Student: 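Before we start, here is the structure in question, set down as structure tokens.
Below, chain A is the first sequence line, B the second, and so on; all start at residue 1. Just so it is clear, the model here is predicted, and its values are computed rather than measured.
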Number of protein chains: 2
Amino acid sequence: MTTVSGGPRTSPRTATMRDVAAVAGVSLKTVSRVVNREAGVSEDLEERVIDAVQLLGYRHNLAASSLRRTDGKTGTIGLLLEDVANPYFSTLHRAVENVARRHGSLTFAASSDADPQRERELLHALASRKVDGLIAVPAGQDHAGLLHEHRLGTPVVFVDRPDLSGVADSVTVDNRAGADSAVRHLQAHGHRRIAYLGDRREIWTADQRYLGYREALLAGGLSLVPELVQHDILNTAEAEAAAIRMLALDQPPSAFFAAQNLVTIGTLRALQAAQLSRTVAVVGFDDFTLANLLEPGITVVSQDVNLIGRKAAELLFGRIEGSAAAPQHIVTRPTLIPRGSGEIAPS
Amino acid sequence: MTTVSGGPRTSPRTATMRDVAAVAGVSLKTVSRVVNREAGVSEDLEERVIDAVQLLGYRHNLAASSLRRTDGKTGTIGLLLEDVANPYFSTLHRAVENVARRHGSLTFAASSDADPQRERELLHALASRKVDGLIAVPAGQDHAGLLHEHRLGTPVVFVDRPDLSGVADSVTVDNRAGADSAVRHLQAHGHRRIAYLGDRREIWTADQRYLGYREALLAGGLSLVPELVQHDILNTAEAEAAAIRMLALDQPPSAFFAAQNLVTIGTLRALQAAQLSRTVAVVGFDDFTLANLLEPGITVVSQDVNLIGRKAAELLFGRIEGSAAAPQHIVTRPTLIPRGSGEIAPS
DNA sequence: TGCTACCGTGACAACGGTGTCAGGCGGCCC
DNA sequence: GGGCCGCCTGACACCGTTGTCACGGTAGCA
């Protein structure tokens, strides 16, 4: 093998409109017209230009174009998620991509890992690239960075968690109603000791779900039992541990409301380990693949993530195309999907 | 509600370097120097510039910058996947993002849906945006589009499926060895009638896996039984149907090798419906979440997707930074994870 | 025939920045 | 005191493209 370093590696400089114009024997502007499908170019010239484009392998430079163009659009949006690899967010991503595609836009997707510092960095990187708009799952309590972009003129749509100041559009789920329906469902099947397992209450969605849980309990004439409530669960292992702890109580719960995906899985592991999968009821918040392949199938409160992504993107492109309507706050309703685990009666 | 249309919605035009220069009382070039952290600006002026930047909310315009800059880099890469929402690809996406972040790059992720036409469109869109490089899961047999970009000077790294011409870098999995080990594993547990369920053989990965299956059978002194081989399975439902069909044979298989994610799930459904989950063995290709939560746990051949993504991104940034080494073809080894379903003995 | 009304086309400036280079200035050495 | 050096700084051209406008030419009309 011979190393080619030092060879004429200078690729012949990527062709520009000027080159195309020279080859086609027309002016720069005419090439621009053909490339942009502007009217008013004779067929003859158009053909010559197209041939020259082919010949040179010319690629239009959108950066230069949008620099000069009056609307200044880059055909690019930013999507700020917690983690692009998380199924919830990747589904959202896809839904947004589908809409973006229809609008000729490409999507910068990025993961904040719920870290405000990282969110700031990404916001900065996106702003430098002059995205036409932003869809964001805010990383922390403080939305200053996002709202700053909004004020500077970049449309922003909040997803999953609302902008509490209300100046920007948002698309969220009625977490409270979802949790409420889950707990009522368990009550309807006879449960009176229903445990709550969830994330930190500082997270808006977690808090809302907890409020829904409490609301349903009280509505059903039950009272809140502190030993059956566990917040601050961050991962599967912690959920599993918490569930095991509760199952060891003198009066263990006959049902669990697992307020989030990973929490549900941890809970299931605990039940499986204790051979209680068919004895103790579970309803989880957020669906997950294979939830219907387990034995019993897992009853969940499911969000329509595709709908959320689509709505958010449609709102965003509406703004990008100039809508000046008042801020919109779309709230979608989650639905309960009974699959078995939530229909187990107390023993 | 009063509509604000017609109001002075003209945001005060986003500030440019010129504006900053005017406010700071320096030349354009000095602002440029400060923004780019070039050496040789007195502290006094630097401070004035920074203040002006703050005051005006100035955001650097990377497009204009890279237009003029000599290296012409946009700090942007393209990631062409089959579907950003598919867990395999979204994990890959995340691994790439992590590396890109270290290099100050943002990632355009896009879904081809394995459609060559769509791939062409996306390639065009990415090229117009002057991405510094591309990581692609090729959509079809014909890699002309991707290779064209490569020739035009944009580094391209193939992932999951190799570029058979070998001119571009690639990162793939040894699918054949993985399938071989799965089938040998089943043989080692006493199986002699092992069924194959897989996707279209035109897909390189599917073909490789089939070859591995066949290889292992022959190596074990078994022969290929046509009625135990089913190609062209496109989704879960088809996999389920195929498995049910085979289970109804006079001499049904005692084990299944499911050559892909969705196929595995379909197979599991069939076994579950037939109450054979604990009787018939299964080994799947590709791991999936919750594979260990099922009863029995599902034995799989697992790829290290994070590793693949990382390697691909590292290769790409090597090229972007000028590496002129010969094309590299990294092949990773999948590992077999025994969890129960693959260790069931024939009855 | 003379005038206007278009039509296709190109010259030129401009978008927001960066590379190049020359000039001003202070300090140091002879 | 003159010359040289190095450090800052700004003027200017230019990156690849599009908006504007003026040009020459032809058709339509009175």
Side-chain angles (χ1 to χ4, degrees), chain A residues 12-50 52-53 56-76 127-132 152-153, chain B residues 12-50 52-53 56-76 127-132 152-153:
Chain A
R13 193 179 59 79
T14 137
T16 76
M17 268 194 184
R18 194 190 312 284
D19 303 326
V20 176
V23 169
V26 300
S27 85
L28 198 56
K29 179 65 201 184
T30 299
V31 178
S32 168
R33 277 193 264 263
V34 172
V35 168
N36 290 296
R37 291 180 174 69
E38 276 178 47
V41 178
S42 69
E43 281 189 26
D44 173 35
L45 286 198
E46 177 168 350
E47 195 175 325
R48 268 157 59 195
V49 169
I50 290 175
V53 165
L56 296 175
Y58 167 76
R59 322 303 303 251
H60 189 201
N61 186 333
L62 210 66
S65 166
S66 79
L67 182 60
R68 183 61 178 94
R69 195 165 246 141
T70 13
D71 66 4
K73 296 278 182 293
T74 55
T76 291
S128 301
R129 286 168 182 79
K130 303 290 165 191
V131 292
D132 297 334
L152 254 42
Chain B
R13 196 179 57 81
T14 135
T16 76
M17 267 195 186
R18 194 187 312 283
D19 303 326
V20 176
V23 169
V26 300
S27 83
L28 197 57
K29 179 64 201 185
T30 298
V31 179
S32 168
R33 276 193 265 262
V34 173
V35 169
N36 290 294
R37 291 181 176 69
E38 279 177 45
V41 178
S42 69
E43 281 189 26
D44 173 35
L45 286 198
E46 178 169 350
E47 196 174 323
R48 268 158 57 195
V49 169
I50 290 175
V53 165
L56 297 175
Y58 168 76
R59 323 301 305 250
H60 189 202
N61 185 334
L62 211 66
S65 166
S66 78
L67 183 60
R68 182 61 175 97
R69 192 166 247 138
T70 9
D71 67 3
K73 297 277 181 292
T74 55
T76 291
S128 301
R129 285 166 183 81
K130 303 290 165 190
V131 292
D132 297 334
L152 254 40

Student: Can you tell me how far apart CG (Leu28(A)) and CG (Asp19(A)) are? Round to the nearest 0.5 Å.
Tutor: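 Here the rounded value is 10.0 Å.
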Student: Near DNA chain C, counting only heavy atoms under 4.0 Å, which residues of residues 17-27 of chain A show up?
Tutor: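 Nucleic-acid contacts, sorted: Val26(A), Ser27(A).
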Student: Let's test your reading of the model: under 3.5 Å, does the base of dG10(C) pair with the side chain of Arg33(A) as donor and acceptor?
Tutor: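 Between dG10(C) and Arg33(A), which were checked side chain against base, a qualifying N/O pair under 3.5 Å is present.
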Student: Quick one: how far along DNA chain D does chain B reach, first to last nucleotide 5' to 3', anything under 4.0 Å to a heavy atom?
Tutor: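 Endpoints of the contacted stretch of DNA chain D: dC8(D) to dG16(D).
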Student: May I have the step-by-step check of side chain to side chain contact (heavy atoms under 4.5 Å, CB included) for Asn36(B) and Arg69(B), ending in yes or no?
Tutor: CA-CA 12 Å; Asn36(B) 290 294; Arg69(B) 192 166 247 138; 3.1 Å; yes
Student: Write down the distance between CD (Glu43(A)) and P (dC7(C)), rounded to a whole number of angstrom.
Tutor: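 Atom CD in Glu43(A) sits about 16 Å away from atom P in dC7(C).
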Student: Locate the shortest heavy-atom distance separating Thr74(A) from Asp132(A); write the atom from each residue and the value.
Tutor: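 Closest approach of Thr74(A) to Asp132(A): N-OD1, 2.8 Å.
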Student: Sub-3.5 Å donor-acceptor pair from the side chain of Arg129(A) to the main-chain atoms of Gly75(B), do we have one?
Tutor: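 Yes, because the side chain of Arg129(A) sits within donor-acceptor range (under 3.5 Å) of the backbone of Gly75(B).
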Student: Separation of Glu38(B) atom CD from dT18(C) atom C1', in whole Å?
Tutor: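 Taking CD of Glu38(B) and C1' of dT18(C), I get 8 Å after rounding.
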Student: Does dG17(C) have its OP1 or OP2 closer than 4.0 Å to a side-chain nitrogen or oxygen of Ser32(B)?
Tutor: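 So the side chain of Ser32(B) is outside the cut-off, no N or O lying under 4.0 Å from OP1 or OP2 of dG17(C).
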Student: Considering non-hydrogen atoms only, spot the tightest contact between Ala52(A) and Val23(A) and give its length.
Tutor: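 Closest heavy-atom pair between Ala52(A) and Val23(A): CB-CG1, 3.7 Å.
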Student: Mind listing the closest non-hydrogen atom pair of Tyr58(A) and Thr16(A) along with its distance?
Tutor: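 Closest heavy-atom pair between Tyr58(A) and Thr16(A): CE1-C, 3.6 Å.
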Student: Please name all residues satisfying side chain to side chain donor-acceptor pair (under 3.5 Å) with Ser66(B), sequence neighbours left out, ordered by chain then number.
Tutor: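 Side chain to side chain donor-acceptor pair (under 3.5 Å) list for Ser66(B), sorted by chain: empty.
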Student: Remember a base hit wins even if backbone is also touched, and classify Val41(A) as base, sugar-phosphate or nothing at under 4.0 Å, heavy atoms.
Tutor: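 Counting heavy atoms under 4.0 Å across all strands, the contact made by Val41(A) is with sugar-phosphate only.
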Student: Decide yes or no, distance alone: a donor-acceptor N/O pair under 3.5 angstrom between the base of dG17(C) and the side-chain of Lys29(B).
Tutor: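 When only heavy-atom distances are counted, Lys29(B) does not reach the base of dG17(C) through any donor-acceptor pair under 3.5 Å.
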Student: Contacts to DNA chain C from residues 58-73 of chain A, heavy-atom cutoff under 4.0 Å, which residues?
Tutor: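 Heavy-atom cutoff 4.0 Å gives Leu67(A), Arg68(A).
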Student: Can you name the nearest heavy-atom pair linking Lys130(B) to His60(A), along with the distance?
Tutor: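 Shortest heavy-atom contact: CE-O, 4.0 Å.
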Student: Taking distance alone, no hydrogens or angles, what donor-acceptor pairs closer than 3.5 Å link side-chain atoms of residues 37-46 of chain A to residues at least two apart or in another chain?
Tutor:
from: Ser42(A); atom 1: OG; to: Leu45(A); atom 2: N; distance (Å): 3.4

Student: Assign Val35(A) to base, sugar-phosphate, or nothing according to its heavy-atom contacts below 4.0 angstrom with the strands shown.
Tutor: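 The residue Val35(A) makes no contact with any strand.
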Student: How long is the straight-line distance from CG of Leu56(B) back to OG1 of Thr14(B), given to the nearest 0.5 Å?
Tutor: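 Thr14(B) OG1 to Leu56(B) CG: 10.0 Å, rounded to 0.5 Å.
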Student: Listing time: all N or O pairs from protein to nucleotides 25-28 of chain C that are below 3.5 Å?
Tutor:
none

